[in-house]
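Single-structure report; data block below.
Values below: all heavy atoms of this structure, side chains included; hydrogens, waters and symmetry mates excluded. Counting starts at 1 for both ligands and their atoms, following the listed order. Nothing here was measured: the structure is a model prediction, and the numbers come from that model.
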Amino acid sequence: MMLWALWLGIVASLLGTATADVSAVYQDPDTGLTFSQSFALYKSDGRGITFRVAIPASAATYTAFDTVIQVVVPNDVGWGGLAWAGSMTRNPLLVFWRGSNNAPVISSRWANGHSTPTSYTGASYTLYKTGTKSNSTHWQFTAICQGCTSWAGDGGAIRYLSPRGGNRLAFAYSPTKPSSSSNTSTIAVHEVHGYWTHDFSAAANSNYDAAVEKFQK
Ligand code: HEM
Ligand SMILES: *[C@@H]1O[C@H](CO)[C@@H](O)[C@H](O)[C@H]1NC(C)=O
Ligand SMILES: *[C@@H]1O[C@H](CO)[C@@H](O)[C@H](O)[C@H]1NC(C)=O
């Protein structure tokens, strides 16, 4: 396990690409939800960003459904990003960093090419105090996304994530923090990016609506 993580880290540092190497199910005491989680390594010393997704058990295939996204971020991350369909281009992107007073900033972006993503209004995020916290090594945030599981792909065809199986997601990491707390800030290019298959079947929650109703803004 350690050797594998180390090897991935070495590959990451050589090529600027990385692979998430640990998938798990996480029972979150703060939100009361079950998350499917993946650990995305960005440094050869084992540092990585943990991405957690929870969805309603009622989510049907080929429909848009809401997701709770919870991300655990080491303090040295400048900005991190999640690509909901596993590529930089033509899918909803979530970019996150810490703004003034270390408050989480989350930004909805879109890229048609390999250049700075612009604002994307097709997906919106609501940040909650529930499941958002920090300590001396990490910070984490919890948000609900509307619009992250369905989007207009190449040629305008509507595409959907599957609520049942694995979806290929991607992440990006930069050590450079955007200079402002505005969610439309310019961001520096990433140092590392990587891909994994995220198990959405393990993210289903039959108590989703009841749990989300208790979230504090
Ligand atoms: C200033 C902002 C950004 C710039 C200038 C930028 C630039 C680039 C460039 C030039 C590549 C090609 C690298 C290569 O082929 O080796 C690339 C690839 C990639 N970028 Fe970005 N990027 C930015 C933001 C983002 C964000 C916010 C994400 C979100 C997760 C992201 C995810 C990826 C991924 C997954 C790849 C792999 C190739 C692909 O899937 O298209 N990038 N980026
Ligand atoms: C920034 O936040 C505002 C207020 O919540 C929101 O209306 C807007 O869509 C967000 N923009 C981005 C790029 O996330
Ligand atoms: C620090 O916070 C992160 C994110 O909430 C958590 O995963 C980690 O276990 C915490 N570390 C300690 C030592 O409490």
Per-atom contacts of ligand 2 with Ser107, taking only distances under 4.0 Å to non-hydrogen atoms: 13 (C), 14 (O)
Donor-acceptor pair, side chain of Lys129 and main chain of Gln216, under 3.5 angstrom: no
Plane angle bin for Phe215 and Tyr128 - parallel if under 30°, tilted between 30 and 60°, otherwise perpendicular: perpendicular
Atoms in ligand 1 flagged as close to Val95, the criterion being non-hydrogen separation under 4.0 Å: 27 (C)
N/O donor-acceptor pair under 3.5 Å between Ser150 side chain and Ala64 backbone: no
Atom 4 (C) of ligand 3 protein-contacted, heavy-atom criterion under 4.0 angstrom: yes
N or O pair under 3.5 Å between Met88 and ligand 1: yes
Distance filter under 4.0 Å to Ser87 heavy atoms, resulting ligand 1 atoms: 40 (O)
Ser124 to ligand 2, any heavy atom closer than 4.0 Å: no
Contact check, side chains of Glu191 and Ser174, non-hydrogen atoms, under 4.5 Å: no
Side-chain donor/acceptor of Asn167 to backbone N/O of His198, under 3.5 Å: no
Enumerated ligand 3 atoms positioned under 4.0 Å from heavy atoms of Val72: 4 (C), 7 (O)
Ser108, any N or O under 3.5 Å of ligand 2 N or O: yes
From Leu94 atom CG to Ile69 atom CD1, the distance as rounded to the nearest 0.5 Å: 6.5 Å
His190 heavy atom under 4.0 Å from ligand 1: yes
Sub-4.0 Å atoms of ligand 3 with respect to non-hydrogen atoms of Gln140: 4 (C), 5 (O)
Distance-only N or O hit between ligand 3 and Lys133, under 3.5 Å: no
Contact atoms of ligand 1, heavy-atom distance to Ala170 under 4.0 Å: 35 (C)
Donor-acceptor contact below 3.5 Å, side chain Ser36 vs main chain Ala203: no
Candidate pair Tyr173 and Trp79, rule ring pair (Phe, Tyr, Trp, His ring centres under 6.0 Å), full reasoning: CA-CA 6 Å; Tyr173 153 83; Trp79 68 261; 8.3 Å; no
Neighbour count above 12 (heavy atom, 6.0 Å) for Arg159 CZ: no
Flag: protein heavy atom within less than 4.0 Å of atom 9 (O) of ligand 2: no
Identity and separation of the nearest protein heavy atom to atom 6 (C) of ligand 2: Asn183 ND2, 4.2 Å
Shared hydrophobic cluster for Val53 and Leu82 (ILVMFWY, side-chain gaps under 4.5 Å): yes
Heavy-atom protein neighbour under 4.0 angstrom from atom 14 (O) of ligand 2: yes
Distance in Å, Gln70 CD paired with Phe141 CZ, rounded so as to fall on 0.5 Å steps: 9.0 Å
Residue part near ligand 1, for Trp79, under 4.0 Å between non-hydrogen atoms: side chain
Thr116 contact mode with ligand 1 (heavy-atom cut-off under 4.0 Å): both
Beyond-backbone contact of Tyr160 with Thr149, side-chain heavy atoms, under 4.5 angstrom: no
Proximal candidate to atom 2 (O) of ligand 3 [heavy atom criterion; set Asp30, Thr137, Asn135]: Asn135
Any N/O pair Ser119/ligand 2 closer than 3.5 Å: no
His193 near atom 21 (Fe) of ligand 1 via N/O/S, less than 2.8 Å: no
